[in-house]
Amino acid sequence: MTNRDELPPRQSAFALARRLVSGFVALGRLELQHGRQEIGAMLATARRGVVMIGIAIGLVFAALITLLVAVIMALAALTGLPAWLMALLLTLVLIGVAGLIAYSGIRRLKIGPPEETIASVKEEVAWARRLIRRG
């Protein structure tokens with residue numbers, strides 16, 4: 001009988017399970033690496049668009065500031081108050097509105113442990129324990 005005709009030695013269930021787990025880990029690493037490469041390629045092609053969107057957002061922000069100055073000047077002219085006082089009043093109003101919105105947003109936040117993920121991990125651990133007890 002030649003070396004080619006010999007059967008490979010039988011492996012224990014523990015060794016097979018260990019090979020299976022290491023194979024899953026290696027597959028996971030490869031998928032993660034592939035995902036990173038794909039995201040990197042997508043980001044490289046989208047960089048110019050992101051820069052243009054950033055410039056547009058900056059211009060919109062400048063336009064809003066200009067509009068706010070116009071509102072301050074118009075209110076100052078209508079009320080007869082000095083422009084600096086109208087700017088101060090409008091600033092206080094905007095800060096108050098921003099505070100109310102922030103308070104409302106903070107109250108709606110529900111921060112806690114990821115319950116679905118924890119339950120899923122517990123199920124997987126229980127499944128792995130049953131599998132180990134059988135083997």
Side-chain angles (χ1 to χ4, degrees):
M1 207 180 247
T2 64
N3 285 341
R4 292 181 106 182
D5 293 333
E6 292 179 16
L7 294 174
R10 292 196 68 183
Q11 295 182 347
S12 68
F14 182 73
L16 290 173
R18 187 170 43 190
R19 284 184 55 201
L20 181 65
V21 169
S22 67
F24 278 131
V25 168
L27 179 63
R29 285 183 182 151
L30 287 173
E31 288 296 334
L32 183 63
Q33 182 182 5
H34 181 258
R36 285 180 182 164
Q37 289 173 346
E38 188 175 0
I39 290 172
M42 288 171 30
L43 289 177
T45 58
R47 185 172 292 140
R48 177 177 261 163
V50 170
V51 168
M52 293 176 82
I53 290 171
I55 291 170
I57 289 172
L59 290 173
V60 168
F61 186 67
L64 289 174
I65 291 172
T66 305
L67 178 64
L68 185 60
V69 169
V71 168
I72 290 170
M73 294 178 76
L75 288 174
L78 288 174
T79 61
L81 296 173
W84 67 267
L85 182 59
M86 191 54 63
L88 181 63
L89 291 174
L90 192 56
T91 300
L92 292 175
V93 168
L94 290 174
I95 288 174
V97 170
L100 289 174
I101 292 171
Y103 177 73
S104 175
I106 289 171
R107 286 186 51 212
R108 291 177 187 224
L109 286 178
K110 182 181 176 184
I111 300 174
E115 296 172 7
E116 291 180 18
T117 303
I118 291 172
S120 174
V121 169
K122 285 181 180 179
E123 288 177 20
E124 291 170 1
V125 167
W127 174 80
R129 285 183 180 161
R130 285 192 305 269
L131 187 66
I132 290 172
R133 287 181 186 148
R134 282 190 218 156

Could you grab the distance from atom [atom1] of [X] to atom [atom2] of [Y], nearest 0.5 Å is fine?
X	Y	atom1	atom2	answer
E38	R36	CD	CZ	14.0 Å
H34	L27	NE2	CG	12.0 Å
L59	T66	CG	OG1	10.5 Å
L43	T45	CG	OG1	7.5 Å
Q37	L32	CD	CG	10.0 Å

(request) Please say which of I55, V50, I57 ends up in a side-chain contact (heavy atoms from CB on, under 4.5 Å) with I53. (result) I57
(request) Work out which heavy atom in A83 is nearest to a heavy atom in A76; give both atom names and the distance. (result) CA-CB, 3.9 Å
(message) Just checking E115: does its CD atom have more than 12 heavy atoms from other residues, nucleotides or ligands closer to it than 6.0 angstrom?
(response) no
(message) Using only atom types and a distance under 3.5 Å, with no angle test, would you say the side chain of T91 pairs donor to acceptor with the backbone of A87?
(response) yes
(request) Could you walk me through whether L81 and L75 pass the side chain to side chain contact (heavy atoms under 4.5 Å, CB included) test, one step at a time? (result) CA-CA 8 Å; L81 296 173; L75 288 174; over 6 Å; no
Honestly curious: do [X] and [Y] fall in one hydrophobic cluster under the side-chain, below-4.5 Å linking rule?
X	Y	value
L94	L85	yes
M73	L68	no
V71	W84	yes

